[in-house]
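Structure first, then comments.
In this text the structure is predicted, and so the values were computed from the model without any measurement.
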Amino acid sequence: SETAEQIKILGEMFLGETKEETKKLLLGVLLNEIISDMKLSAENKSNTDYIDDVERIILQEYDRKLIATDLANRFYISRTKLMTDFKKKTGKTINEYITFVRLEMAKEMLVSGKSISDIAIMCGFVNAANFTRLFKKHFNMCPKDYRKNFST
């Protein structure tokens with residue numbers, strides 16, 4: 001890039017310079033150029049790259065209590081930034097995504113024969129009633145009917 005070329009030229013000038021005053025001046029200019037380039041790179045790089053990691057954490061920890069503030073703290077960002085970036089990148093809120101993952105995992109478990117209460121807890125839902133309500137809302141049938149229709 002043009003900036004990289006400028007940094008290279010400034011570096012060569014710095015290395016070839018013999019006057020102490022000029023060297024100090026060149027060093028200052030060189031550092032400013034490097035810092036500007038780093039800032040530009042950070043801005044150009046997608047600011048939502050970390051969202052892939054957030055999704056991975058949710059997939060791995062769906063069975064635990066997941067709170068947006070705690071997730072944001074892991075990435076040293078505000079809860080608001082996390083929620084805005086997550087929605088922008090995935091099209092879902094964090095809570096919608098967590099619920100989606102939990103319900104998908106629950107569907108897999110429902111055909112296993114485990115009790116609905118156990119599945120609810122294993123998938124991170126507060127209780128079986130909350131799980132059943134959300135399951136019915138998303139799939140238009142209660143977990144018991146899903147099990148009946150999709151078990152082999």
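- Grouping the Ile, Leu, Val, Met, Phe, Trp and Tyr side chains by contacts below 4.5 angstrom, directly or via other members, places L31 apart from L25.
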Using residues 120-138 as the side-chain source, report each donor-acceptor pair under 3.5 Å to any protein atom, sequence neighbours left out, with the distance given to one decimal.
unit_1	atom_1	unit_2	atom_2	d
N127	OD1	A129	N	3.2
N127	OD1	N130	N	2.7
N130	OD1	R133	NH2	2.8
T132	OG1	A128	O	2.9
H138	ND1	L134	O	3.0

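- A 4.5 Å side-chain heavy-atom check between M83 and I94 finds at least one atom pair inside the cut-off.
- Separating the CZ atom in F139 from the CG atom in L103 is a distance of 5.0 Å, to the nearest 0.5 Å.
- Closest of all the heavy-atom pairs between I7 and E33 is CG1-CG, 3.7 Å.
- Within the model, atoms NZ of K89 and CG of D52 stand 3.5 Å from one another, a figure rounded to the nearest 0.5 Å.
- E104 places none of its side-chain heavy atoms less than 4.5 Å from the side chain of V101.
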Walk me through it: do L59 and Y97 pass the test side-chain contact (heavy atoms from CB on, under 4.5 Å)?
-> CA-CA 10 Å; L59 285 167; Y97 187 77; 4.1 Å; yes
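- At least one side-chain heavy atom of N95 sits less than 4.5 Å from a side-chain heavy atom of I98.
- Within a 6.0 Å sphere centred on CE of M13, heavy atoms belonging to other residues, nucleotides or ligands number 12 at most.
- With rounding to the nearest 0.5 Å, the separation of CD1 in I77 from CG in L82 is 4.5 Å.
- Counting only residues at least two apart or on different chains, the side-chain hydrogen bond (donor to acceptor under 3.5 Å, both in side chains) pairs with a member in residues 66-80 are E61-R74.
- Residues E55 and F86 approach most closely at CG-CE1, 3.9 Å, considering heavy atoms.
- In terms of heavy atoms, M141 sits closest to D145 at SD-C, 4.0 Å.
- Taking the centre and axis of the six-membered ring of F150, the NZ or CZ atom of K107 falls outside the cone set by 45° and 6.0 Å.
- Taken from CG in L66 to CD in Q60, the straight-line distance is 11.0 Å, to the nearest 0.5 Å.
- The distance from the CD1 atom of I57 to the OH atom of Y50 is 11.0 Å, given to the nearest 0.5 Å.
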May I have the step-by-step check of side-chain contact (heavy atoms from CB on, under 4.5 Å) for T99 and E96, ending in yes or no?
-> CA-CA 5 Å; T99 299; E96 288 170 343; 5.8 Å; no
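- The line from CD of E12 to CG of L15 is 8.0 Å long, rounded to the nearest 0.5 Å.
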